[in-house]
2 protein chains.
Amino acid sequence: MNIGDVAEATGLPAKTIRYYEDIDLVRPARGANGYRVFRETDLHKLRFLGRARTLGFSIEDCRTLLALYEDEQRASSEVKEIAERNLESIEAKIADLRAMQETLRTLVSACAGDERPDCPILADLGEAGE
Amino acid sequence: MNIGDVAEATGLPAKTIRYYEDIDLVRPARGANGYRVFRETDLHKLRFLGRARTLGFSIEDCRTLLALYEDEQRASSEVKEIAERNLESIEAKIADLRAMQETLRTLVSACAGDERPDCPILADLGEAGE
DNA sequence: CCTTGACCTTCCAGTGACTGGAACCCTTAT
DNA sequence: ATAAGGGTTCCAGTCACTGGAAGGTCAAGG
């Protein structure tokens, strides 16, 4: 399978797949013409990576998770710890974003949004730290 | 006022303030010794920027907002549009993160987290796209 | 006067995870 | 023979900083 087909099959852009090879997350074989040749195991890894990335794991976490996935001697506690840390950082981000959301909602709904200059949004920004 | 005092007064790292000068968000004067000299208006701008950044506005949005802030002929609609776009992108991010959070919570709570290899988290990742 | 330490300066490189683009090679169909 | 549509490498750019090196300046103490 060439990279284009793999991109379609996994939903990952070809560029991303090449990047994953570059950082040694996958090691596709090469054909006589220099093209990458992907086997089923490569596809499986790439789908694993795609899924892990959509769950917010960093590339380094993905690398570790992939190694654990292939390690039959693993302890599930190792996996769980990584997932818990990821969950925590996601929840922290949500908290930050929700604070922004709340303030912005208030400000936006207070703003007339017309041709006049008066604006509670700018008023808020201008009063920062006073 | 030197950069260290400004950093303390605004809560922004000195590095960040220098960076903001570099990209022309602020233009502090210079003393005879080459040190940056910040006036009240610079402080005000920096606090504005700090506040806008914590509300999730991009640097380019901050630049525009600052220009609008100083433009007495502005229309509040321009400000409101920027804020609404920012709010939308924040809400999109929250939605993504909440989806991750939900899946991760389920997977984490299903994982024993002990010394055995069996792990629903890895099972989920490994079944991606099947 | 000298040193010490805390400031300040510039400049370059790195972060994370791609993404875009140039320049070029290979394959297949017409 | 050529054109379209793959593929290849490599370099640069994104965003908003952040770290670090190498060096200049300033105020206080000995």
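The analysis underlying the following values was restricted to heavy atoms, covering all of them including side chains, and did not include hydrogens, waters or symmetry mates. Chain letters run A, B, ... following the sequence lines, proteins first, then strands; residues in each count from 1.
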Notebook entry, point to check: Which whole-number value in Å describes the distance from A/L25 CG to C/dG16 P?
Noted result: 13 Å
Check: Reckon A/F57 touches a base, only the sugar-phosphate, or nothing at all at heavy-atom distances under 4.0 Å?
Finding: nothing
Item checked: Closest to side chain of B/Y35, choosing from D/dT25, D/dT18, C/dC26 -> D/dT25
Note to self: If you assign B/P13 and A/F38 each to the DNA chain D nucleotide with the nearest heavy atom, which residue ends up on the more 5' nucleotide?
What the structure shows: A/F38
Item checked: Ionic contact status for A/E60 with A/R63, cut-off 4.0 Å -> yes
Item checked: Out of D/dC17, D/dT8, C/dT10, whichever nucleotide has its closest atom nearest the side chain of B/R30 -> C/dT10
Next item on the list: Calculate the interatomic distance between A/D61 atom CG and C/dA17 atom C1'; express it in whole Å.
Entry: 14 Å
Margin query: Please determine whether a side-chain nitrogen or oxygen atom of B/T16 lies at a distance below 4.0 Å from atom OP1 or OP2 of D/dT18.
Written below: yes
Next item on the list: Check every strand shown and say whether B/I3 touches a base, only sugar-phosphate, or nothing at a heavy-atom separation below 4.0 Å.
Entry: sugar-phosphate
Margin query: Less than 4.0 angstrom between a side-chain N/O of A/R53 and OP1 or OP2 of C/dG16, yes or no?
Written below: no
Notebook entry, point to check: Does the A/N2 side chain pair with the main chain of A/G4, one donor and one acceptor, at a distance under 3.5 Å?
Noted result: no
Notebook entry, point to check: Which nucleotide, D/dT18, C/dC8, C/dC18, lies nearest any side-chain atom of B/N2?
Noted result: C/dC8
Checklist line | Spacing of B/D5 atom CG relative to C/dA6 atom P, expressed in whole Å | finding: 16 Å
Notebook entry, point to check: Is the distance from OP1 or OP2 of D/dC17 to the nearest side-chain N or O of B/R18 less than 4.0 Å?
Noted result: no
Notebook entry, point to check: Do any N or O atoms from the side chain of B/D5 and from the backbone of B/F38 form a donor-acceptor pair under 3.5 angstrom?
Noted result: no
Margin query: Taking the minimum atom-to-atom distance to the side chain of A/I59, which one of D/dA16, C/dC18, C/dG20 wins?
Written below: C/dC18
Next item on the list: Answer yes or no: is there an ion pair linking A/E84 with B/R105, defined by an N-O contact shorter than 4.0 Å?
Entry: no
Checklist line | Between C1' of D/dT9 and CD1 of A/I17, the distance in whole Å | finding: 17 Å
Check: Using 30° and 60° as the class limits, which term best fits the ring planes of B/F48 and B/Y69: parallel, tilted or perpendicular?
Finding: tilted
Margin query: Looking at A/R36, I'd like to know whether one of its side-chain N or O atoms comes within less than 4.0 Å of OP1 or OP2 on C/dC26.
Written below: no
Notebook entry, point to check: Taking atom P of D/dG6 as reference, at what distance in whole Å does atom CE of A/M1 sit?
Noted result: 14 Å
Next item on the list: Grab the OH-P distance between A/Y19 and D/dC10 for me, whole Å please.
Entry: 16 Å
Margin query: So, does B/N33 get its side chain near the phosphate of D/dC26, meaning an N or O under 4.0 Å from OP1 or OP2?
Written below: yes
